[in-house]
Number of protein chains: 2
Amino acid sequence: MKRLTVFDIAEMIDHSLLRPTLTNEEFQQGIELARKYKMATCCVAPYDVERAYKGLNGSGVLVSTVIDFPHGSNMTAAKVYEAQLAMDNGASSLDMVLAISRLVSGEYEYVEQDIHQVVECAHARDISVKVIFENCFLTKEMIVKACELTEKAGADYVKTSTGYGGGGATLADCYLMRQSTSEKVAVKAAGGIRTLDDVLAYRAIGTKMIGTRASAAILDEAEKRYKDGSLSEVDPSEVIAKINTEE
Amino acid sequence: MKRLTVFDIAEMIDHSLLRPTLTNEEFQQGIELARKYKMATCCVAPYDVERAYKGLNGSGVLVSTVIDFPHGSNMTAAKVYEAQLAMDNGASSLDMVLAISRLVSGEYEYVEQDIHQVVECAHARDISVKVIFENCFLTKEMIVKACELTEKAGADYVKTSTGYGGGGATLADCYLMRQSTSEKVAVKAAGGIRTLDDVLAYRAIGTKMIGTRASAAILDEAEKRYKDGSLSEVDPSEVIAKINTEE
């Protein structure tokens, strides 16, 4: 299998700093960690966007944030307003939660428009939008429907979970999301991803980004394997076989 | 002890319809339940305020909603904007989550201002504000500090929990909150309150409002006891003795 560099892993990681009780000290440690490993982004709470932007200045690490997190039950106008504030303060990517209640009630037009209005204001400023489904609350059919609506709404990513709904990412869900969207839409897995082997398995089935708090452990392991020559891609067919066995 | 009516209990209850996966059908059932028992309010998600307002029209039951729920980590401007939208759509009471990370980091001026700005825009329209602390994340000292900041910020209630933080109301916390605020501030308990005996115990120690999903069970039991003449207040000293034993 193809050899990987540590940066191949680091650039997949949105380092999550979303815990509602995060202290200022933990926030600073997170920023320094992201700088050290050159991760893709720090994913911070809306009121931390401005200081994350300053703290990451010159590092190449971008700031991402969350919109209507983690319930997704705000009015669309509030989601758009949150998005504007976040972009004003330096966010380069927005992880919005879709209107979960509306999705489970079959109000598809509502769900699509809700996403679309955030996408429209973000794309006007060249900012990408990831749409969080909170899969633990959804059936497989609802996940497929959410993929369809997200793509129609023009968003850039489908994302599995908030990490606060009681369940996180699964390989089976990510594989389903990859198969239910065109190549215009990328997949982000988040919630419960703790090891490099997790990351490599998600990568093998076409997952582009990983949201995790365990970034340091993952990247330390990547460095270790890189040094001993064992940091390589995983065979997708092995992961798919494992998914099929478990289903 | 003083006899109570069923309405004495019903008017304490904010019937919670906040589950992020609530279907349209469950929403309708909740509205009908609140009408039937004449509860104080239905506490609904922001995007449900308008339809709750219409559904409760003429019933005497008011609409309450949540602001920056359940993490409290939005910018103050976003909280104010959410509050304005909710009031425009018919909300009579706003349950806002305070800036938890800022509180645990000792940024008290920030916490107070964040609350105050929501209070200012709500009071301009005669709308009350309840401030949710999420006690399960806080020490006793932080709860006392949050009471002080909430009162200084001019809010109307201190509230224990969102119900989504992993821990709910406790009698000990509510007693502490009652003792840490003046009579200008009322106490609301929410999270894990399931029985009439719970409600009576909270009431005995000065808790004014209860947020619960178990409203029907609580009020059915109240009717039963009212009919057999046993619906009465509980002796506060018994509840306080129980709290002291458990601490």
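Each chain gets a letter, A, B and so on, in the order its sequence line appears, and its residues count up from 1. Heavy-atom basis, side chains included; hydrogens, waters and symmetry copies ignored.
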(request) Quick one: which of Leu22(A), Val104(A), Val66(A) has the most heavy-atom pairs under 4.5 Å with chain B, could you say? (result) Leu22(A)
Using only distance (under 3.5 Å, no hydrogens or angles), which donor-acceptor pairs connect chain A and chain B?
{"from": "Pro20(B)", "atom 1": "O", "to": "Ser101(A)", "atom 2": "N", "distance (Å)": "3.2"}
{"from": "Pro20(B)", "atom 1": "O", "to": "Ser101(A)", "atom 2": "OG", "distance (Å)": "3.0"}
{"from": "Leu22(B)", "atom 1": "N", "to": "Ser101(A)", "atom 2": "OG", "distance (Å)": "3.2"}
{"from": "Leu22(B)", "atom 1": "O", "to": "Ser101(A)", "atom 2": "OG", "distance (Å)": "2.7"}
{"from": "Asn24(B)", "atom 1": "N", "to": "Ser105(A)", "atom 2": "OG", "distance (Å)": "2.9"}
{"from": "Asn24(B)", "atom 1": "OD1", "to": "Ser105(A)", "atom 2": "OG", "distance (Å)": "3.4"}
{"from": "Asn24(B)", "atom 1": "ND2", "to": "Glu107(A)", "atom 2": "OE2", "distance (Å)": "2.7"}
{"from": "Tyr47(B)", "atom 1": "N", "to": "Ser73(A)", "atom 2": "O", "distance (Å)": "3.1"}
{"from": "Tyr47(B)", "atom 1": "O", "to": "Arg102(A)", "atom 2": "NH2", "distance (Å)": "2.8"}
{"from": "Tyr47(B)", "atom 1": "OH", "to": "Ser101(A)", "atom 2": "N", "distance (Å)": "3.3"}
{"from": "Asp48(B)", "atom 1": "OD1", "to": "Arg102(A)", "atom 2": "NH1", "distance (Å)": "3.1"}
{"from": "Asp48(B)", "atom 1": "OD1", "to": "Arg102(A)", "atom 2": "NH2", "distance (Å)": "3.0"}
{"from": "Ser73(B)", "atom 1": "O", "to": "Tyr47(A)", "atom 2": "N", "distance (Å)": "3.1"}
{"from": "Asn74(B)", "atom 1": "ND2", "to": "Glu82(A)", "atom 2": "OE2", "distance (Å)": "3.3"}
{"from": "Glu82(B)", "atom 1": "OE2", "to": "Asn74(A)", "atom 2": "ND2", "distance (Å)": "3.3"}
{"from": "Ser101(B)", "atom 1": "N", "to": "Pro20(A)", "atom 2": "O", "distance (Å)": "3.2"}
{"from": "Ser101(B)", "atom 1": "N", "to": "Tyr47(A)", "atom 2": "OH", "distance (Å)": "3.3"}
{"from": "Ser101(B)", "atom 1": "OG", "to": "Pro20(A)", "atom 2": "O", "distance (Å)": "3.0"}
{"from": "Ser101(B)", "atom 1": "OG", "to": "Leu22(A)", "atom 2": "N", "distance (Å)": "3.3"}
{"from": "Ser101(B)", "atom 1": "OG", "to": "Leu22(A)", "atom 2": "O", "distance (Å)": "2.8"}
{"from": "Arg102(B)", "atom 1": "NH1", "to": "Asp48(A)", "atom 2": "OD1", "distance (Å)": "3.1"}
{"from": "Arg102(B)", "atom 1": "NH2", "to": "Tyr47(A)", "atom 2": "O", "distance (Å)": "2.8"}
{"from": "Arg102(B)", "atom 1": "NH2", "to": "Asp48(A)", "atom 2": "OD1", "distance (Å)": "2.9"}
{"from": "Ser105(B)", "atom 1": "OG", "to": "Asn24(A)", "atom 2": "N", "distance (Å)": "2.9"}
{"from": "Ser105(B)", "atom 1": "OG", "to": "Asn24(A)", "atom 2": "OD1", "distance (Å)": "3.4"}
{"from": "Glu107(B)", "atom 1": "OE2", "to": "Asn24(A)", "atom 2": "ND2", "distance (Å)": "2.7"}

(message) Below 4.5 Å, heavy-atom pairs only: which of Pro70(A), Ala99(A), Ala78(A) has the largest tally toward chain B?
(response) Pro70(A)
(message) Please identify, among Ala77(B), Gly72(B), Ala45(B), the residue contributing the most non-hydrogen atom pairs under 4.5 Å to chain A.
(response) Ala77(B)
(message) If I measure from the heavy atoms of chain B, does Ile67(A) come under 4.5 Å with its side chain, its backbone, both, or neither?
(response) neither
(request) Could you look at Ala86(B) and say if it's the side chain, the backbone, both or neither that has a heavy atom under 4.5 Å from chain A? (result) neither
(message) What part of Leu103(B) gets within 4.5 angstrom of chain A, counting heavy atoms only: side chain, backbone, both, or neither?
(response) neither
